[in-house]
Structure formats: structure tokens, C-alpha cells
Amino acid sequence: MRKTDAEIRELIAQMTVEEKASLNSGDSMWKTKVVERLGIEQMWMCDGPHGLRKQENYADDPDINDSLPGVSFPAECAMAAGFDRDAIAKVGTAIGLEAQARDVHMVLGPGVNMKRSPLCGRNFEYFSEDPYLAGELATAYINGLQAEGVGACIKHYMANNQEFERTTGSSEIDERTMHEIYMPAFEMAVKNSKPAGVMASYNKVNGTYATESRDLLVDDLRGKWGFDGCVISDWWAVHNRVPATAAGTDLLMPGTPDTIKTDEEVVAAVKDGTLSEKELDERVFHVLRMVYDLLATHREGIKLDFERGHKAALNAAESSIVLLKNEDDILPLKKGIKVALIGDFADDPRYQGGGSSHVNAAGQTYPRTEIAKFAEVTYAQGYRKAPEPRHLTGVGLNVKVDETRYEPDEGLIAEAIKVAQAADVAVIYAGLPEDMETEGDDRKHMQMPPSQLALIDAVAKAQPNCVVLLQNGSPIEMPWLSEIKGLVELYLGGEAGAEAAAKVIFGDVVPSGRLPETFPLKLEDNPSYGNFATKDKVEYKEGLYIGYRHYESKDIKTLFPFGYGLSYTTFEYSDLKVDGRKVSVKVTNTGKVAGREVVQLYVGVKNCEVDRPVRELRGFDKVSLNPGEIKEVTFEVTDRAFEYWDVKSHDFKKAAGSYEVQIGKNAHDIILSAPIA
Ligand code: BGC
């Protein structure tokens, strides 16, 4: 039964300081504490965000990959490429139903940190380099999930943009950049979807641990954005218990004998007056508000239904696939042809990242089987997929990549050439091995393993009709791009990724994904270059100029711009109209097949009174159009598009300048524009 605020306050009034302190930390890995004397029950949390990682036997075996089977949804990098609020909301719904069936009350996700560098080992678990896109998609996910009565815990607040020294490093960011770039995705999701939890991150922000920052946890989150849920620490992210409790960390996780011991520090601090009991009462109130709300919305009798989840996973995967190159219209492939399917990933696909978001997929699909549904397939391994990561435990994870394992294998390459020559087309599955992008470690460079580079090179020389399908969670360099005809970015598509990919390359599904991040030509072009994964302190020297804001404002050529993606059909734009803040534009499908277009609205500014990127994404919509069909797409541009964070008033303020609404195929290719004020 849900309790009112007054009833919870009454309960707290009956508690001893010891009981209050005990509720300020968790019980074991995934639960809150019980207080038997007062009939307080516990709730379950579990990772998130790409499906459920419920660990029933975690006490006996702490291997993070040892969890109950669940539906593996596309990783956030892929979900984001759909630019598809509806598909993500359906993923949220499906995860919510699975959580209900598994008696889980809260899912730890989604992650909305900005992709500051392509090297961040956890980029696959985040949506974008753009705060508006990340905020919109997180909102859709959370609304879908929470509508099923399961809480979301948005993470990792704040500025947790690298894995190197993730538990000790400090992200040094100026106030304006923080509010315009690193906070808005959290802010939008908090305001528009009211997540039950916010996870305070491991790192420091400007020298103060996120778990100890009252500015972040109370002033901004609760004060300015109206958050009324529970602030939960990342696992073992509380370094100093009393300052964290005083600063607004409501729940320390996990509860281990060591962490639970720090409850005594809280009791002592209340007794000697260093922590006010009123403050502790607030922490307990937020924990109990969450527990009672989520216990009340728990539904008995929901059946585990992996097929239902798989449908949502497939729908999101289909929407997410990005066609990057299609010379001579090599794609879609004709059904029934001879396909040389090459690459270890075609046999054993990479469909998720490593670490806490790992799901033991209930319904994994395999490229070899899926492609064989459409064509005659001969397979060659081509290179060796990395071995699975070792037994992963604990917070640092400490995964180290041994790159010597990726040397080209002449024998495998020779076999691939033979198979490629005997077929009509070569389809190569390539990308990044799991140990090159996983929680706990950043990449050192943007290259693919040498074994795969050599393979693509050799196969492209042997077979002119060559298509590469990529499985990776973050941008890579593509020295081989001019050698191949077709290129498809699959990202990490979850258990249905292989099924979706086969449908796309044979034309049953028309690709409609767009890159939610820039693919730079080389790492050195990335604005964080030289200031990423540095020791102790990481200076965000590029300020507002993250991702396309940098490439577009400074006119730097990219491999593929933010928002880029092709289709099997063509779209034309016309009739851009601006009426106050209402914008409308007409889109026509001018090709021969039905398709989906992502209409992207940017607001650009010239002669601005403050320094500003040339354009920023302020709206997007995904529309389905039959051949010849015209649709009018409308947007409402909000005040935020015209504002900047003013460090004197510590608030957003309108910036004088000449504003323009721009409709773009992507962040670089603007098709129509009109003044807006
Ligand atoms: C990760 C979180 C995750 C938590 C619980 C941490 O190491 O940073 O994202 O939710 O572990 O598994």
C-alpha cells in the first residue's frame, strides 16, 4: 500500500538514529534495508539499461556476467541511432514488464552522460554527444519503463565521461559548459519523466566527489529541477559517508559488511552534531518515498514473456541501423544470390558492451542463420573474435586489452579470399572486440584490430562487391572506406540485431538510423584530444565545443557528421514556415520505396552577444512516408534555444543575436533555413 508523505514522516519520527542511519545505506548488492520493528519492507534494484541483469545468486558468485536470462535490447548507442522516441518507449515498456515478472522494482538506467571522446570505454552505454537528443531519448525510455510501475535510475550524475581513474578523477568543467552541455540531458529527463532515482557518479566534479556535492545533488537537482526521487550512489562511489549523507546522497549502494559499518559514522555524526538529524531525516524520507512508491506499483502475476520483449528489441534494432555508404546501390542485396559471409562476428556476433549492462540474452539471433534466410551463404571466419572477458568483479574492473591477440591470420584471410571470389558479394562483419570497449577501461586509439583491417583490405581486392557491417559501440577510423561499396553501422544491436541487419541488407526493412555522434576522420580532430583520460584532473578545455558543435563551428572535415544516414529512398524538403516559435516543414518521399526520415531541426546563431556554437539540435522527428507521400512536420522551439548560462546570475538568460532555424539532413548539411526570434 502506498503511504502518504505524512505517513512516512510519522514512521521516521518513530525511528531511532541507528535505524535512520541504517536506511541510508543498502542491504547487500541490490536491495534496500528492512526495519522489522516498523514493518518496513525492502525493494530490489537491478542493472540496466539494455535489459535486466538480475543476479539471484550474487552472494555466492559475484561474477557480473552470472545473471538470469533476459531480453538483450540494443545498447544505448544503437537505440540512439534510431532517433526514435516511440521505439525507445516500447523498449522501456518491455523492460518494465520483464522487471515486474522478475520482482524487480527499479532498473539502473538509462545512462545519459555525454560522449566527450570516442575513446570512453562506456560510450556504448550512453546515447549521444548532444544533450538534447540524449535528454529526449532518456525521457522516452523512462516514461515507457515507469508507466509499467518500475522505477528508473538515471545515471551517472555528473560528468562521468571516461573510465580511466573513474573512481578518483576530477572532471574540471566551467560553470557555463556544465549547465549547457553536461547537465541538460539529466535536467530534461528529470523534468519530463520524473525518474524514481538519480545515480550519483564515481568521479569528482571540480574537485568534489559527485556523491558529496550539495550543489549538484540538492541545489541543482532538487532545487532548480524539482527532483523528488532518491539519490542513489553508484556502487561503492561513496568515499566519505558523512559528507555524502550531508550533501544529499540518500542511499549508499551496495550494502556490504564494510559499507554498512559506515552507518555507525552517521550515528556518531548526528550524536556529536556534525550532521543534523533533520538532514538525515530527509535522506530517509527520500529512500522510503521510493520504496513505498515502487512496492505499491509492483504487480503480481505478470508472466515472463521473452517473445514480447524480443519484438520490442527487434523494432528498436531495425530503427537503429545506419546506412553509411551505398555506392552503385549495392544495397539492398538481391534475395537468393551467393553471399560470402565473412568474419568471426558473423558467427558469434557482438551485440552488447561489457560490464554491468551485460545481459544473458534469452533470444540471441545469429547473422549466419539470419542471412541464410535470404541467400545462399558460404562462411569464412576471417579473423578471430577476442575471447570473452575474464571473470569481472568489483568496481574498477581493470580490463586490459592485449592487442597482440589481434594480429592478422594469413590462413584465415586466404580462406576468406577464396570464399569471396566464388560469391556474388562479400558481406564482412567487422568492428571492435568486447575487450576494446567495456566498462572500466577506455580505448587508447580509434583503430580496429589489425586482423580485421588486413581482412577487409584483402577481401575488397578480391571481390569488388563488398559490404561491411560494423558492430561497435563508438566511432572508429576507416582507412578502407574507399575500397568497399556498402557500409552499414549496426552498433551493438542487442539479441535481435542480427535479425534486423539481415532484413535491412535484403531490403525488407529500409534503413532509417542516423548517427547520434560525429565520426571524426582521426582521433586528433576530436576536441577533447590531449585532455582526455589524464591523471587526477581532466580539464574540459573545449568547453561548449563538444562533438558536432566543434566540427561545425570550426569547419573541420569529418568522416561522417552527426545525424548522418542514408536510405533506400530519397526525401525532399519544402515550405519551411516559422510562425513565432512554431516551425513547420514539408517532407516528400521522392523515391520508389516506403521509408522513414529523421527530420532534424537546428537553431543557429550569428552575431551573438556571447560565444556560441554555430548550431545546436533543438528538435527532431521520425516520419514514415510512402513513395510520393508528403507530410508536414511541426516543431515548437523552446526558449532554451535562445539562452545561455549566465555565470553572473547563475541562470539561463536570453542572448541577443540573429537566430535562424535550420532543417538539416545532418549537422553539416543544412537544406532550408529561416530567421526565428
Ligand atoms: C556501474 C553502474 C551500475 C552499478 C551496479 C557500477 O559499477 O557504474 O552503472 O549500475 O555498477 O552494477
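Here the structure is a predicted model, which is why all the values come from computation and not from measurement. For ligands, and for the atoms within them, numbers begin at 1 and follow the listed sequence.
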[X]: numbered ligand 1 atoms lying under 4.0 Å from its heavy atoms:
X      : result
His156 : 2 (C), 8 (O), 9 (O)
Leu108 : 10 (O)
Glu439 : 1 (C), 6 (C), 7 (O), 8 (O)
Arg53  : 12 (O)
Lys155 : 2 (C), 3 (C), 9 (O), 10 (O)
Trp30  : 5 (C), 12 (O)
Met199 : 10 (O)
Arg166 : 7 (O), 8 (O)

Which one of Leu221, Val112, Leu216 satisfies the side-chain contact (heavy atoms from CB on, under 4.5 Å) criterion with Met183?
Leu216
Are side-chain N/O atoms of Thr259 and Thr256 paired as donor and acceptor at under 3.5 Å?
yes
Name every donor-acceptor pair, under 3.5 Å, that has one atom in a side chain of residues 191-198 and the other anywhere in the protein, sequence neighbours excluded.
{"from": "Lys191", "atom 1": "NZ", "to": "Glu187", "atom 2": "OE2", "distance (Å)": "2.7"}
{"from": "Asn192", "atom 1": "ND2", "to": "Met188", "atom 2": "O", "distance (Å)": "3.2"}
{"from": "Ser193", "atom 1": "OG", "to": "Ala189", "atom 2": "O", "distance (Å)": "2.6"}

Decide whether the shortest distance between a heavy atom of [X] and an atom of ligand 1 is less than 4.0 Å.
X      : answer
Met253 : no
Tyr202 : yes
Met29  : no

Contact partition for Arg122 relative to ligand 1, non-hydrogen atoms under 4.0 Å:
side chain
Run the side chain to side chain donor-acceptor pair (under 3.5 Å) test against Thr139 and tell me which residues pass, sequence neighbours left out.
none
I want to know if ligand 1 touches Glu125 in the polar sense, i.e. an N/O pair below 3.5 angstrom.
no
Parallel, tilted or perpendicular: ring planes of Tyr182 versus Tyr540, cut at 30 and 60 degrees
perpendicular
Atom [atom1] in [X], atom [atom2] in [Y]: separation rounded to 0.5 Å?
X      : Y      : atom1 : atom2 : answer
Ile88  : Phe83  : CD1   : CZ    : 10.0 Å
Cys153 : Met106 : SG    : CE    : 5.0 Å
Ser117 : Gln162 : OG    : CD    : 8.5 Å

Donor-acceptor contact below 3.5 Å, side chain Lys31 vs main chain Gln42:
no
